[in-house]
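Input: a single structure, listed below in structure tokens.
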Amino acid sequence: MAPTLNGEVDIVIPTIRSLNFLEDWRPFFEPYHLIIIQDGDPTKEIKVPEGFDYELYNRNDINRILGPKANCISFKDGACRCFGFLVSKKKFIYTIDDDCFVAKDPSGKEIDALAKHLENLTKPSTPYYFNTLYDPYREGADFVRGYPFSLRAGVPTAVSHGLWLNIPDYDAPTQLVKPLDRNTRYVDAVLTIPKGTLYPMCAMNLAFNRELIGAAMYFGIMGDGQPLGRYDDMWAGWCTKVVCDHLGYGVKTGLPYLWHSKASNPFVNLKKEYNGLFWQEEMIPFFQSVILPKKCTNAQECYLELARQAKEKLGPVDPYFNNLADAMVTWIEAWEEFNAPAKVKNGTA
């Protein structure tokens, strides 16, 4: 397993309620620093169990810290979590929802989800050639016959996408027709998503290397005042995958699992998703066809180019995408303010 790395990890949690669920995670999360983003009413008291090292931000804090740029952070939507990505100074981010609990593997052992994410992120990915034994860097696995030796060193892993037992991550129409569906299958596998392949990223169990891809891990403007919700993590997933493909980074999915305890209301979800169910038929082909120029050599440059192309190609679909593209630019401006390189004086940083 990966080392603890507690000085290099922040756990980001968006919430509208007290965080009693942390008691379930105490053995695994207590060594780490938490960044809690309180959504909704900023006057509501959010209680955090004793013993955790944390900082808590509400909407008033976001407005005060970002000023006019605060409009790029969603309100009344889980997309507010990306403010935590912005203020973090750590190398790795793990983000989790407050209705998720520790799962058990088939042997009955509790799963340390964060440790597995760190293992994924600190081992290479193989996006250029699929290994049929899944992740060849896991203990007991290796590259299969016919795998090119020139590709076996792999590439840095930027994103680790975990899965969920119990309540699946369904859209509203699927929730409505399959209300009793539960995921009971534990698949002991991690795989690298191939270059050129998109995937539906879910933010309830997600970790990433902030130094490599953090600037592109923006969840857009969703929720209150916007014609779209529940596509925040999808948008971030499509953007980061395109950027990872361009920069030569990898994205892994599979282990670790957690226990998703609560199904959201499908009728409420349908109202949030309604436009997205149509727009995704335009958004996904857009990302499938995006070509980023060679001059884009980091996540910030790639993301600004994505914003430009999104406005050009998706703006005609609906004016919302013009506003989203503008928010993407504002996000990068804020990112660069918060992540300016250290000033050098007398030859030392």
Side-chain angles (χ1 to χ4, degrees), residues 69 72 79 82 85-86 91 93 121 124-130 148 150-151 153-161 192-201 206 208-221 228 231-253 279-341:
K69 294 185 176 66
C72 75
C82 61
F85 309 161
L86 187 67
K91 181 176 182 178
I93 296 284
L121 289 170
S125 291
T126 54
Y128 302 122
Y129 196 84
F130 189 82
S150 60
L151 296 177
V155 302
T157 301
V159 179
S160 173
H161 178 256
T192 296
I193 301 174
K195 181 182 180 182
T197 301
L198 298 176
Y199 73 110
M201 189 180 83
L206 177 73
F208 61 94
N209 186 320
R210 185 179 178 276
E211 293 178 356
L212 295 182
I213 203 68
M217 192 62 79
Y218 173 55
F219 281 54
I221 44 171
L228 185 61
Y231 274 83
D232 52 322
D233 43 6
M234 299 293 159
W235 182 264
W238 297 328
C239 289
T240 51
K241 185 56 167 63
V242 167
V243 173
C244 283
D245 286 351
H246 176 76
L247 295 177
Y249 303 143
V251 176
K252 292 184 178 183
T253 187
W279 292 346
Q280 68 183 8
E281 305 304 323
E282 303 285 347
M283 289 189 281
I284 294 171
F286 163 72
F287 284 106
Q288 288 173 326
S289 63
V290 162
I291 297 176
L292 297 174
K294 290 183 179 180
K295 66 179 181 179
C296 295
T297 58
N298 60 39
Q300 293 98 304
E301 293 170 351
C302 290
Y303 205 66
L304 288 174
E305 175 62 20
L306 266 179
R308 186 193 68 78
Q309 293 191 32
K311 177 172 279 193
E312 177 185 333
K313 300 291 178 59
L314 295 176
V317 174
D318 190 271
Y320 165 74
F321 290 102
N322 292 322
N323 297 332
L324 175 55
D326 290 340
M328 293 167 71
V329 174
T330 302
W331 163 260
I332 291 298
E333 291 172 352
W335 183 272
E336 290 182 340
E337 286 182 16
F338 275 77
N339 296 276

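Note that this is a predicted model, so its numbers are computed, not measured. Quick note: residue numbers are just sequence positions, from 1.
A distance of 12.0 Å separates OG of Ser150 from OH of Tyr128, quoted to the nearest 0.5 Å. Atoms CZ and OG1, on Phe208 and Thr157 in that order, are 14.5 Å from each other to the nearest 0.5 Å. The CZ atom of Phe85 sits 10.0 Å away from atom CZ of Arg210, with the distance rounded to the nearest 0.5 Å. Atom SG in Cys82 sits 11.0 Å away from atom CD1 in Ile221 (nearest 0.5 Å). Note that the CG atom of Asp232 and the CE atom of Met201 stand 8.5 Å from one another [nearest 0.5 Å]. Put simply, OG1 on Thr126 and CG on Leu151 are 9.0 Å apart, with the number rounded to the nearest 0.5 Å.
With contacts defined as side-chain heavy-atom distances shorter than 4.5 Å, the pair Val159/Leu206 qualifies. Taking the side chain as every heavy atom from C-beta outward, Phe286 and Trp279 never approach each other to under 4.5 Å. Taking 4.5 Å as the limit, some side-chain heavy atom of Phe287 sits within range of a side-chain heavy atom of Trp235. You'll find the side chain of Glu301 stays beyond 4.5 Å of the side chain of His246, heavy atoms only. Proximity of Tyr218 to Trp335: side-chain heavy atoms (C-beta onward) are nowhere separated by under 4.5 Å. Taking 4.5 Å as the limit, every side-chain heavy atom of Lys313 sits out of range of all side-chain heavy atoms of Val290. A 4.5 Å side-chain heavy-atom check between Leu212 and Pro156 finds at least one atom pair inside the cut-off. Between Val243 and Ile213, some side-chain heavy-atom pair lies under the 4.5 Å cut-off.
Closest non-hydrogen pair, Lys241 versus Gly196, comes out as NZ-N, 3.8 Å. A pairwise comparison of heavy atoms in Ala216 and Cys239 identifies O-CB, 4.2 Å as the closest pair. Between Ile284 and Leu198, the shortest heavy-atom distance links the atoms O-CD1, 3.8 Å. Here the closest heavy-atom approach between residue Thr197 and residue Asp245 is recorded as N-OD2, 4.3 Å. The two atoms that bring Ala158 and Tyr249 nearest to each other are CB-CB, 3.9 Å, heavy atoms only. Across every non-hydrogen atom of Ser160 and Leu121, the tightest pair is N-CD2, 3.8 Å.
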Verdict with reasoning, Leu304 to Gln300, per side-chain contact (heavy atoms from CB on, under 4.5 Å): CA-CA 6 Å; Leu304 288 174; Gln300 293 98 304; 5.6 Å; no
Derivation of the side-chain contact (heavy atoms from CB on, under 4.5 Å) call for Glu337 and Lys69: CA-CA 11 Å; Glu337 286 182 16; Lys69 294 185 176 66; 2.9 Å; yes
Steps toward side-chain contact (heavy atoms from CB on, under 4.5 Å) verdict (Phe321, Glu282): CA-CA 11 Å; Phe321 290 102; Glu282 303 285 347; over 6 Å; no
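Sequence neighbours left out, the pairs with a member in residues 319-333 that pass side-chain hydrogen bond (donor to acceptor under 3.5 Å, both in side chains) are Lys311-Asp326.
Ring pair His161/Tyr199 is perpendicular by interplanar angle, where above 60° counts as perpendicular and below 30° as parallel.
For Lys195 (side chain) and Gly250 (main-chain N/O), no donor-acceptor pair under 3.5 Å exists by modelled atom type. Put simply, the side chain of Arg308 never gets that close to the backbone of Ala325: no donor and acceptor are under 3.5 Å apart.
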